> 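Would you mind keeping the following structure in view while I ask a few things?
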Amino acid sequence: GRFGRFGGRYVPESLVPACEQLESGFRAAWADPAFRAGLARTLALHAGRPTPVTPALRLSAELGLTLLLKREDLTHTGSHKINNVLGQAMLAKRMGKTRLLAETGAGQHGVASATAAALLGLECVVYMGERDMRRQELNVFRMELLGATVVAVRNGSRTLKDACTEALRGWVTQVDEAHYCVGSVMGPHPYPWMVREFQRVVGEEARQQCAALLPQGRPDVVVACVGGGSNAAGTFAGFVDTDARLVGVEAAGGAAVSRGAPGVLHGYRSQVLQDEHGQILEAHSISAGLDYPGIGPEHAHLADIGRAEYPSVTDAEVVEAVLRLARTEGIVPALESAHALAWVLRAAGTPQLPTGCSVLVTLSGRGDKDGAQLVALRRDGARSGALRRDAAGTPR
Amino acid sequence: GRFGRFGGRYVPESLVPACEQLESGFRAAWADPAFRAGLARTLALHAGRPTPVTPALRLSAELGLTLLLKREDLTHTGSHKINNVLGQAMLAKRMGKTRLLAETGAGQHGVASATAAALLGLECVVYMGERDMRRQELNVFRMELLGATVVAVRNGSRTLKDACTEALRGWVTQVDEAHYCVGSVMGPHPYPWMVREFQRVVGEEARQQCAALLPQGRPDVVVACVGGGSNAAGTFAGFVDTDARLVGVEAAGGAAVSRGAPGVLHGYRSQVLQDEHGQILEAHSISAGLDYPGIGPEHAHLADIGRAEYPSVTDAEVVEAVLRLARTEGIVPALESAHALAWVLRAAGTPQLPTGCSVLVTLSGRGDKDGAQLVALRRDGARSGALRRDAAGTPR
Amino acid sequence: MRRRRDAGRSLLVPYVTAGISADWTDYLHAYADAGADAIEVGLPFSDPMLDGATIQEASHRALSSGTTTAGVLARLAGTPVAVPLAVMTYANIVFRHGAATFCDRLAQAGVAGLIVPDVPYDEVDELSTVATAAGVELVLLASPVTAPTRLRRIAERSRGFVYGVTVMGTTGERTGLSDSARALGTTLRGHGSRPVLLGFGISSPGQAALAAGSADGVVVASSLMREVLAGRGPREVAGTVAALRAGLDAG
Amino acid sequence: MRRRRDAGRSLLVPYVTAGISADWTDYLHAYADAGADAIEVGLPFSDPMLDGATIQEASHRALSSGTTTAGVLARLAGTPVAVPLAVMTYANIVFRHGAATFCDRLAQAGVAGLIVPDVPYDEVDELSTVATAAGVELVLLASPVTAPTRLRRIAERSRGFVYGVTVMGTTGERTGLSDSARALGTTLRGHGSRPVLLGFGISSPGQAALAAGSADGVVVASSLMREVLAGRGPREVAGTVAALRAGLDAG
């Protein structure tokens, strides 16, 4: 992964051979029809692919446009994370590794990694910030249920950023037997490229499905949320060679493209939230999955060359989007995914999204995991007006 | 529905016209290719059908048989309930109704009903026992998020049985505008028949998929859990005309077939858990979805004529089955669904399930909803040994 | 009852839940003395689908204190009452040990009639046959939404009297009396000769009189049971029955 | 350093985290007096990927008390030390305002060398060029798993000295010294003339002497910083440096 001035492999010398081995291992596997067929079969028979594209009929009518939803919320474990994780787990096994290492924030990637490890008979060690573990007790339990070991990370802010750092540290000590299963389009080369290839299935399926659903065959605008940016990268991969506008929506509190500066974090060069001295800042968002100060290097590059835009939305807009989709389409999206939708709600009817246009939004995951958080918001919001339909302020 | 000596329409005269209207409405819709096509399209584009049949490779190897899993856990809202609910909601709309009424125990059917109502722009009122509401706060919140009104039922045991009774009472007062969306193959005619027809898609898909996956084309044994019994009814419908053995697995604490007696409850005649005086007993199971004292009349009939068997499994066996599937296949099943699997684990290698046979198990739903309960069990079980791999006693 | 009706009297059938108190049979005598033409005795069921909050509470309380069908019937057998008794209960209680056995036991206990609200006309054959064989009159119910031809069949098939349900809802007190309720009474009276009683939501002497204008009498349940649940004794509640009687006679 | 090595001396490079205490520069003088041949100065970073618990804690403490790159360099500029200084930090700190700017500032502060563990050989071109232009020696690292041809290239490209990482892991104290660590030292010494220092996990005088058997010297960090974190002052920690010096000289 080099994407213009971003990407690269900024790791200690001790990890360089592992990255090189992984790169050649992935190149070989990706060129091997048997591997691709095996992965496709596992995605179909175990993970539930293809996921449908759902025409959001009632919300489309309300917004005056054609809104299509790519339903990654319907995959096994409930988000697009499984696509990447099954790919990496099968690759790790092909390369003779016996253990997966993974970092996790809210726990979605950790659960997906534990799932893939169980399926393939691999060990799994998940690094998770101690603070996140307390916030996501249920996901910790799910990982353990799946046979994974969850390691509490007690450094720094004790959240995702520190879990990534600790996973890299852990990998250094066990490169022979362990594969580090990075959860997004980040990390040293080949990760940003490899993870995008594993997520490409989202965009390629969606492109075919849009061709069947839309009179003009292609959506005018393609929208996905961006934290690290893997669901957006996979979605965009299916449309980058069309004339569709590509929109990656960041959380206002974690907007690496618009508020970050070029930097190096976790092995790659990209836009990074940092202070003037070069110290990494913590991201803050209602959705744990977007609480990350970096962004995949390919996104930084797409922004650089103007091929994609990266607006951001507020927490209040996100909560409103969850409510709106739940009540019009019977779908409760993950808070992460609701960022993409929130931008559509804001832009609909403006020159950004004129009446009559067609929009594909990737719903990266389901909102079940956010129930407790939304309940707490509603409890707090009795005063502040959050979780009412007219919510305006930031609900936390 | 009349199934041998079971079924019928045991409702007050005031509900008879509504049941008749529903029967003729369903007959007309089910004979209308446009309705069937519209439902099939909604199931595909919105609910994620077809769901895959997953070969459980590692567990099969451990058990010495071929185990296939029909993955209803991958549907929208996470269980087979959505198949029935979308069917009934579309039917209600076709019949000019503007409101859905539903009863719910653990909340799965309530969430599914609220989902379908939102999708079709119908009002939704869900009756739920006050005790269940406290136990399932998150599902109550999800229903409200989807725009439904949840009515607390404070009668009797304040659980599912009482919610059913109250929903019937509610229906009497609003038969003109409301459709009562029964959640399983129970209730007065035409419900047990109609719900089975809406769930038939599970068995028919599975039959086709088994034909592609198994050398002999058909499974030797077909297994599903039974509370009211809708996922089993839908599954069996696909195989009842083959020579496959049909096994419906009940919870030991709610085994209406083996421990009940013929009776009338909630509008139909079937096997019912009751005392010697005819008072209905509460069922007790680790899985809220099986906490119901009756069973669909068709199951009572299939047991009567010997076409299906209805063994029961203990709570401890169920917890063990959840752990086993999680660790071998990376799938955390709902506690309900784990009943079916628990029987397979017990029977494998015995004359019941001889080595080398092929077994289809319907995983009716996903286990995410049970996380808090399993965590609590583990906490309590530190003493009793529950949730350890060698768990033996009943964990509550 | 038919004779009394033919004599121009508006019929009054008050209700009591069996087992609601230790002295529950005293309510029967008190009701009879206060002018009841028959009495409906509720045999409690755990899941009373057609009952509102008051009767549910009464059923629950009776069951909690150990009331059983066998116990109630034994008590009735030893308690001759001056007016006919009709047992009201649900299908599961009737079918628990077989409908024929159940009807025989009713007859042995001296019960004249049986009302089972969750056995509608289409499901009534088996029960109707065994009730007739046992000499128990099976009272059928009709509702405001029952179709005309079906109403006629119900009226013809019902024994003892025909029970016209005045509201689309459960038992319980309401104000007024709807046009549809009156129409139901009138229609049912046109089919055959059995008395037509209206019930569900009739609580005041005024309502009772109004109902009697388009039917042969009324069943009153929830308003009486509310008093019983509040701790009022047989003599006190009988006062209410007497007031209803007076209302009917004046109407 | 090369001259000292050529004179047969085993080189000792102790480490201190800049900003760890108000008097942190006093550690530099004390180390020099205790026999250090050069000193590694850690410029703290919020996410020190290659550091173990001790250096992480030191970095965190330094940042919490307001340490900045600009502040550290200003302080160093005003504090001439008797031995060469090499700054150790992470890529993000180097690139924040551009690598050229960063290297120029190092040079202005009198810093002789730069160590950036997360800029491996393949990514080093840009940084290497600007460091050379600024007159700063860019020290490259090699690990036990680095391939032979790559080891040679690293040794050739490194300036000042070559930093051999002795363990597959983060900084931190360990016992013993592995065969692979010694082999790494031996191999690196075979490539070119620059001194080869071993680091990571070397804490005791005995380990230092052992390492010096297959290399030109050692970098010692965590064991010293553990003392600093425990509150021991420059003179006390310098005692440990002196003991390491003695171990090397005896080895």
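Because the structure is a prediction, the values reported are computed rather than measured. A note on names: the letters A, B, ... follow the listed sequences, proteins ahead of strands, and every chain is numbered from 1.
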> What distance do B/L168 atom CG and C/L50 atom CG have between them, rounded to the nearest 0.5 Å?
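Going from CG on B/L168 over to CG on C/L50, the span is 10.0 Å.
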
> If we define contacts as heavy-atom pairs under 4.5 Å, which of C/T69, C/N92, C/L141, C/V119 has the most with chain B?
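Option with the top pair count is C/N92.
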
> Side chain, backbone, both or neither: which part of B/I280 has a non-hydrogen atom closer than 4.5 Å to chain C?
both

> Could you tell me which portion of B/P17 (side chain, backbone, both or neither) has an atom closer than 4.5 angstrom to a non-hydrogen atom of chain C?
side chain

> Between C/R96 and B/E276, does any side-chain N to carboxylate O distance fall below 4.0 Å?
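Salt bridge absent between C/R96 and B/E276.
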
> Between B/R2 and C/E123, is there a side-chain N and carboxylate O pair less than 4.0 Å apart?
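Salt bridge between B/R2 and C/E123, a charged N being under 4.0 Å from a carboxylate O: yes.
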
> Using 4.0 Å as the upper bound for N to carboxylate O, is an ion pair formed by B/R269 and C/E126?
yes

> Under 4.5 Å heavy-atom distance to chain C, tell me which part of B/E20 shows up: side chain, backbone, both or neither.
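Side chain of B/E20 only, per the 4.5 Å heavy-atom cut-off to chain C.
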
> Under 4.5 Å heavy-atom distance to chain C, tell me which part of B/R154 shows up: side chain, backbone, both or neither.
neither

> Among B/L281, B/V264, B/D275, single out the residue with the greatest number of heavy-atom pairs under 4.5 Å to chain C.
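When all of B/L281, B/V264, B/D275 are compared, B/V264 has the most.
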
> Under a 4.5 Å heavy-atom cut-off, does chain B meet the side chain of C/P48, its backbone, both or neither?
both

> Inspect the contact between B/R9 and C/D122 and indicate whether a charged nitrogen and a carboxylate oxygen are less than 4.0 angstrom apart.
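No, this pair does not count.
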
